[in-house]
Amino acid sequence: MIYVGLTSWGDHPSLYSTSTSAKDKLFDYSGHFPIVEVDSAFYIPSVGNVEKWCSETPNSFRFILKAYQGMTGHLRDEIPFESKNDMFNEFKQAVEVFK
């Protein structure tokens, strides 16, 4: 199966009417596409945000996640965690909500 979607749901003004609020963009986006890349996962999303995203989309909707930048070698500074293990655990905790 091939899914077609875009990167992020907030960066495509031609998808939304001028009356669509920022908080409704994911819901509207999910009416156009069955999948989206979550750009903010390059940072670690909060569990609350992930739960909100999942509740705003149909059960069949899918999210593509980028690995956290500290896990990919793209972080310019030291990791903001006590250990790499803590970093991986926090990312895992956030993304497990997508199941």
Side-chain angles (χ1 to χ4, degrees):
M1 169 107 15
I2 296 173
Y3 294 96
V4 175
L6 304 173
T7 300
S8 186
W9 56 85
D11 299 335
H12 310 286
S14 62
L15 292 178
Y16 315 107
S17 73
T18 55
S19 63
T20 300
S21 67
K23 70 178 185 68
D24 293 328
K25 286 185 176 181
L26 177 58
F27 175 79
D28 285 1
Y29 174 96
S30 70
H32 295 281
F33 296 100
I35 194 165
V36 70
E37 180 184 30
V38 179
D39 253 359
S40 62
F42 194 58
Y43 310 94
I44 297 180
S46 72
V47 169
N49 279 345
V50 174
E51 290 172 340
K52 180 179 171 292
W53 300 336
C54 291
S55 72
E56 292 176 351
T57 54
N59 288 338
S60 61
F61 191 80
R62 298 291 174 248
F63 296 89
I64 299 170
L65 305 176
K66 287 184 176 182
Y68 171 60
Q69 61 184 330
M71 297 161 52
T72 65
H74 289 93
L75 189 65
R76 294 185 182 162
D77 297 319
E78 296 295 319
I79 61 169
F81 299 93
E82 289 193 30
S83 69
K84 287 185 179 183
N85 192 47
D86 289 345
M87 173 183 63
F88 278 89
N89 284 336
E90 188 163 331
F91 184 78
K92 181 180 175 186
Q93 182 180 25
V95 302
E96 281 182 337
V97 178
F98 284 109
K99 292 182 179 178

After noting the C-alpha distance and the side-chain angles of Lys66 and Val38, does the key distance pass the side chain to side chain contact (heavy atoms under 4.5 Å, CB included) rule?
CA-CA 7 Å; Lys66 287 184 176 182; Val38 179; over 6 Å; no

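- For the atom pair Glu56 CD and Lys25 NZ, the distance stands at 13.0 Å (nearest 0.5 Å).
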Full working for side chain to side chain contact (heavy atoms under 4.5 Å, CB included) between Ile64 and Tyr3
CA-CA 11 Å; Ile64 299 170; Tyr3 294 96; over 6 Å; no

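- Of all non-hydrogen atoms in Val47 and Ala94, the two that sit nearest each other are CG2-CA, 3.9 Å.
- Separating the NZ atom in Lys92 from the CE atom in Met71 is a distance of 11.0 Å, to the nearest 0.5 Å.
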Go through the steps for Leu15 and Phe33 under the test side chain to side chain contact (heavy atoms under 4.5 Å, CB included), then give the verdict.
CA-CA 10 Å; Leu15 292 178; Phe33 296 100; 4.1 Å; yes

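- The side chain to side chain donor-acceptor pair (under 3.5 Å) test applied to His32 returns no partner, not counting sequence neighbours.
- Residues passing the side chain to side chain donor-acceptor pair (under 3.5 Å) test with Gln93, sequence neighbours excluded: none.
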Go through Phe81 and Asn89 one step at a time and tell me if the side chain to side chain contact (heavy atoms under 4.5 Å, CB included) criterion holds.
CA-CA 10 Å; Phe81 299 93; Asn89 284 336; over 6 Å; no

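- Nearest heavy-atom pair, Leu6 versus Val36, reported as atom, atom and distance to 0.1 Å: O-CG2, 3.3 Å.
- Closest approach of Gly70 and Leu75 over heavy atoms only: CA-CB, 3.9 Å.
- Heavy-atom neighbours of Glu82 CD from other residues, nucleotides or ligands within 6.0 Å: at or below the threshold of 12.
- Below 30°, between 30° and 60°, or above 60°: for Tyr29 and His12 the angle between ring planes is between 30° and 60°, a tilted geometry.
- Rounded to the nearest 0.5 angstrom, Phe63 CZ and Ser30 OG are separated by 8.0 Å.
- Summarising the geometry, atom CZ belonging to Arg62 is positioned 8.0 Å from atom CD1 belonging to Ile35; distances are rounded to the nearest 0.5 Å.
- Of the possible donor and acceptor atoms, none in the side chain of His74 sits under 3.5 Å from a partner among the backbone N and O of Tyr68.
- When every heavy atom of Phe91 is checked against every heavy atom of Ala67, the shortest pair comes out as CZ-CA, 3.9 Å.
- Val97 is connected to Phe88 through a chain of hydrophobic side-chain contacts under 4.5 Å among Ile, Leu, Val, Met, Phe, Trp and Tyr, so both are in one cluster.
- Taking NZ of Lys23 as the start and CG of Asp28 as the end, the distance is 10.5 Å to the nearest 0.5 Å.
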